[in-house]
Number of protein chains: 2
Amino acid sequence: MKSNEIKEAALKYFTIHGYEGASLAQIAEEVGMKKQSIYAHFKGKDDLFLQVLRDAKETELSSKLQYFSKVDSNNPEKDLYGFLHLVIDLFQKNEQLKFWLRMSFFPPSHLEKVIEQEVIDIEEKMQAILESKFQDWINAKLIIGDAAITPTFAFLGIVDSILLELVYGNDEKRLQAKLAASWTVFWRGISHQ
Amino acid sequence: MKSNEIKEAALKYFTIHGYEGASLAQIAEEVGMKKQSIYAHFKGKDDLFLQVLRDAKETELSSKLQYFSKVDSNNPEKDLYGFLHLVIDLFQKNEQLKFWLRMSFFPPSHLEKVIEQEVIDIEEKMQAILESKFQDWINAKLIIGDAAITPTFAFLGIVDSILLELVYGNDEKRLQAKLAASWTVFWRGISHQ
DNA sequence: TCGGATTTTACGAACGTTCGTCAGTTATAT
DNA sequence: ATATAACTGACGAACGTTCGTAAAATCCGA
């Protein structure tokens, strides 16, 4: 399907150059066609962009949800640390998460509202599932008896910081070091000693 | 000075729309002039951008260095938590940090190398000063006896996650909650209990 | 299975606009 | 009078988009 090739190329250039910096001519050339031909598959630049955005959102959301659904979870240390590695894997093996990250934080301003809605949607779902997991672990006395929201937010913060390191992404050593450090301190901060 | 007005407007639009999305016409209009007049003050778009970038870098670096220089530091809890608030203040009361953040992570690609150099410069300086502070606190047994790099990276991670929350920035309540949560867990993770 | 009709895809040409930039000229201020 | 600053005008290039058209693929009744 040619539409998918176009979306792949679009994903690549939107990620590298942002919405305004990516041109349809560039995207079309990557697929081996002229920019006018894109209009046989998409209504315009916005339409192409939003389709790429929704694909990326779905990939991210389903990957994360799937991880937590197949984890049977009497081992928070393994589950949480594994999740961090999942995020790193997702980021490194497919462009979509990087694209998603860039657009969540610096959306093209004329699409700000639409994008914000999608971002909030993912965010709430992830927060809800994490909070419920933490509540279970707290009840089982596997971690410290905070309000569940505390480890949830702290953990989401670590995910964010890892993502930023990935975006910045020139130094695998540094990434591993930051991950190890954040995890060490975090785990010590929520577990019984 | 008109140059400064131009830089202020440029900062604003570069921050909102990115390098490619911000136009000289827009910037000039904000100052009440025609875009050609900008060339009486700057060599071109790149020159304007780089001057704004270096101003932003200097503001950020000097603010942070100044904070740690005037802290006499036998109270890591106060110093570190205060630093997080400094970052939040800096971010909220002046555009430069938001601009800096956007450009560190998603630079215009033809200026990627130049910008990366500036980013690394700041990063190394902050890491060095933090690491030395943490070493002092470890030696004074005010915090756990990790390798100093561990709390350093963990703390830098918290700074990053707070910055992301600020960029996303629609919800002051949520920001405060994330800050409180990250701080609680972090402090418990590096202090003796 | 065939052949004509219909839809899908790609293209050249061109549209109007905006982009950053440069040259030459006028106004302002020292 | 000299220098600085802002202007008008124009440049080539790129932008997203539209149109008409030609090829390619798909469909469908005979």
Side-chain angles (χ1 to χ4, degrees), chain A residues 1-56 95 99 102-103 106-115, chain B residues 1-56 95 99 102-103 106-115:
Chain A
M1 201 69 115
K2 260 297 164 48
S3 300
N4 290 331
E5 288 183 49
I6 297 174
K7 286 201 276 187
E8 273 179 43
L11 173 70
K12 171 177 169 184
Y13 285 108
F14 282 141
T15 303
I16 302 178
H17 299 115
Y19 178 89
E20 297 90 351
S23 74
L24 294 182
Q26 212 173 20
I27 293 168
E29 196 193 3
E30 175 99 357
V31 196
M33 50 164 54
K34 303 292 173 183
K35 60 175 175 175
Q36 304 94 309
S37 310
I38 293 181
Y39 287 78
H41 302 266
F42 303 92
K43 289 187 203 163
K45 195 181 187 183
D46 281 5
D47 181 37
L48 172 56
F49 177 84
L50 288 173
Q51 290 205 32
V52 172
L53 182 86
R54 291 189 170 116
D55 286 358
E95 289 264 282
F99 168 85
R102 173 165 195 160
M103 295 315 158
F106 303 108
S109 30
H110 73 292
L111 298 175
E112 202 177 1
K113 288 297 165 207
V114 196
I115 297 176
Chain B
M1 201 69 115
K2 260 297 162 53
S3 301
N4 289 332
E5 287 183 49
I6 297 174
K7 286 201 278 187
E8 273 178 44
L11 174 70
K12 172 177 169 184
Y13 285 107
F14 282 142
T15 303
I16 301 178
H17 299 116
Y19 177 90
E20 297 90 351
S23 74
L24 294 182
Q26 213 173 17
I27 293 168
E29 196 193 3
E30 175 98 358
V31 196
M33 53 164 56
K34 302 291 172 184
K35 60 176 175 174
Q36 300 94 319
S37 308
I38 293 181
Y39 286 78
H41 302 268
F42 302 93
K43 289 187 205 164
K45 195 182 187 183
D46 281 4
D47 181 37
L48 172 56
F49 176 84
L50 288 173
Q51 290 204 32
V52 171
L53 182 86
R54 288 184 174 120
D55 285 358
E95 288 265 282
F99 168 85
R102 173 165 197 160
M103 295 314 158
F106 304 109
S109 30
H110 73 290
L111 297 176
E112 201 176 3
K113 287 298 164 207
V114 197
I115 296 176

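Residue numbering restarts at 1 for every chain, and letters A, B, ... go by the order of the sequence lines. Atom set for the values below is all heavy atoms of this structure, side chains included, hydrogens, waters and symmetry mates excluded. All of these numbers come straight from a predicted model, not from anything done at the bench.
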Spacing of [X] atom [atom1] relative to [N] atom [atom2], expressed in whole Å:
| X | N | atom1 | atom2 | result |
| --- | --- | --- | --- | --- |
| B/His110 | C/dG20 | NE2 | C1' | 11 Å |
| B/Lys34 | C/dC22 | NZ | C1' | 18 Å |
| A/His41 | D/dA25 | NE2 | P | 13 Å |
| A/Gln36 | C/dC15 | CD | P | 14 Å |
| A/Met1 | D/dA24 | CE | P | 20 Å |
| A/Ile38 | D/dT17 | CD1 | P | 10 Å |
| B/Met33 | C/dT28 | CE | P | 14 Å |
| B/Leu24 | D/dA13 | CG | C1' | 15 Å |

*If you find the nucleotide of DNA chain D closest to A/Gly21 and the one closest to A/Lys43, which residue's nucleotide is nearer the 5' end?*
A/Gly21
_Shortest side-chain distance from B/Ala25, nucleotide among C/dT21, C/dC19, D/dC15_ = C/dC19
*Any side-chain N or O of A/Ser37 less than 4.0 Å from the OP1 or OP2 oxygen of C/dC11?*
yes
*Look at A/Lys2 and C/dA10 and indicate whether a side-chain polar atom (N or O) is within less than 4.0 Å of OP1 or OP2.*
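A/Lys2 to C/dA10 OP1/OP2: side-chain N or O found under 4.0 Å.
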*asked:* Just to be sure I understand the rule, does B/Lys35 reach a base, reach only the sugar-phosphate, or reach nothing, if contact means heavy atoms closer than 4.0 Å?
replied: base
*If you look at every strand shown and take non-hydrogen atoms under 4.0 Å, does A/Ala22 touch a base, only sugar-phosphate, or nothing?*
sugar-phosphate
*Strictly by modelled atom types, are B/Tyr39 and B/Asp47 linked by a side-chain donor-acceptor pair under 3.5 Å?*
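Not at all, the side chains of B/Tyr39 and B/Asp47 share no donor-acceptor pair under 3.5 Å.
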*asked:* What I want to find out is whether A/Glu30 reaches A/Lys12 closely enough, with some N-O distance under 4.0 Å, to be called a salt bridge.
replied: yes
_Would the distance check show the side chain of B/Arg102 and the main-chain N or O of B/Ile16 forming a donor-acceptor pair, the cut-off being under 3.5 Å?_
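Checking the backbone N and O of B/Ile16 against the side chain of B/Arg102, a donor-acceptor pair under 3.5 Å is found.
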*Where the side chain of A/Lys45 meets the backbone of A/Ala22, is there a donor-acceptor pair that is under 3.5 Å apart?*
yes
*Would you please classify the geometry between the B/Phe14 ring and the B/Phe49 ring as parallel, tilted or perpendicular, with 30° and 60° separating the classes?*
perpendicular
